[in-house]
Undergrad: 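Below is the structure I would like to discuss, written out as structure tokens.
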Amino acid sequence: MLRKPGLFFIGAFAIAVLPACTQTSHPGKPADLGKPISSAAMEALIDEPGPIELKTVVGADWIADLSGLLNLNDPKAVQAGFKDHEESIKVYAHVVRHPTQGFFLVDTGVSKRLVEDPASLGVGWVLRKFAKIQRMQVREDTSSVIKSEGVPLKGVFMTHLHLDHISGMPDVPKDIPIYTGRGEPEYSSLVHMVVQGTEDSLLEGRPPLREFQFSKDQDGKFEGVIDVFGDGSFFAIQTPGHTPGHVSYLARTPTGPVLLTGDTAHTRWGWENDVEPGTYTDNRESERKSLLALKALSERHPKMIVKLGHQPLD
């Protein structure tokens, strides 16, 4: 989620004197998990009960500027009379259990260490201030989430690599594979000059990030879809916009499909009114396209449970 508010003065300076840099210098490589399929093939399966057990954990309560979470210039937002303010949000981790592949996380929740001693993890003072890390109130830290499952963590599926989604990384064992969208580590931005050091520190000592190898969706509903375990139980959906490599996920559970939008949609109001996020977004046009594609998917499958990036729908 973390992007631009409060960092504009840094960006203006950087435009004049510094080149853009990548989100992280940590290496990536093609993922060895998953196979591309069409969105039609995915949709033919998802209303059938599936084997994935999915639990959403609130890692922390937090706040963020509404102007970052929601496009306040959208006509619907203007009509609603929204003004910028600090909005209450959540930081999530999603526990995914597959009957044979094991226990995975989608995003990482929050480590107590990141909130209590961010400097020890390489989080610089500029990022600490403008990300308002001191305002995070930890509810269930990532270490507790992992221990409570009682089995080894097999991997982490990232929606994207912003700080509030890798904020549980200090609690994730160093040898665990981390999966991302293709191009996610390498994308460049001026803002990354105050982010890259923190990202590198949180990823230090880990194996290369494993980037899902999406192919173009033959049906044109999404940019690409991957059957993660190869058995039609869990899907990665390419949803660029918030970041170029942003990924959403869809699980077939015993009670029906569950969609994890990631930061394609931050807020309940934005999802319900088809209004994309605001200044926290890398490419507004792409994000809106991804948001509308996910919204249409949910409407084609009315029993689908939707879990947003930072607010509950119920």
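Values reported hereafter were calculated over all heavy atoms of this structure, with side chains retained and with hydrogens, waters and symmetry mates removed. The first residue of the sequence shown is numbered 1, and numbering continues consecutively from there.
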Undergrad: Can you tell me if N71 and E276 form a side-chain donor-acceptor pair at under 3.5 Å?
TA: yes
Undergrad: Are V145 and L105 packed together at the side-chain level, in the sense that at least one heavy-atom pair is separated by less than 4.5 angstrom?
TA: yes
Undergrad: Going by ring pair (Phe, Tyr, Trp, His ring centres under 6.0 Å), name the residues that satisfy it together with F104, two or more places apart in sequence or in a different chain.
TA: F157, F229
Undergrad: Report yes or no: is the cationic atom of K295 (NZ for Lys, CZ for Arg) closer than 6.0 Å to the six-membered ring centre of W271, at no more than 45° off its axis?
TA: yes
Undergrad: Just checking K129: does its NZ atom have more than 12 heavy atoms from other residues, nucleotides or ligands closer to it than 6.0 angstrom?
TA: no
Undergrad: Give a yes or no on whether E285 atom CD has more than 12 heavy-atom contacts from other residues, nucleotides or ligands under 6.0 Å away.
TA: no
Undergrad: State whether a side-chain donor-acceptor pair under 3.5 Å links T22 with Q196.
TA: yes
Undergrad: Of S248, S286, S290, which meets side chain to side chain donor-acceptor pair (under 3.5 Å) against T239?
TA: S248
Undergrad: Taking the basic N atoms (NZ, or NE/NH1/NH2) and the acidic carboxylate oxygens, is any pair closer than 4.0 Å for R252 and D231?
TA: no
Undergrad: Aromatic rings H160 and H165: how do their planes relate, parallel, tilted or perpendicular, breaks at 30° and 60°?
TA: tilted
Undergrad: Going by atom types only, do H94 and D107 share a side-chain donor-acceptor pair under 3.5 Å?
TA: no
Undergrad: Can a side-chain donor-acceptor contact be found between H301 and E43 if the only test is distance below 3.5 angstrom?
TA: yes
Undergrad: Salt bridge between E149 and K55, side-chain N to carboxylate O under 4.0 Å?
TA: yes
Undergrad: Quick one: do S111 and D141 satisfy side chain to side chain donor-acceptor pair (under 3.5 Å)? Show the steps, please.
TA: CA-CA 5 Å; S111 168; D141 68 293; over 6 Å; no
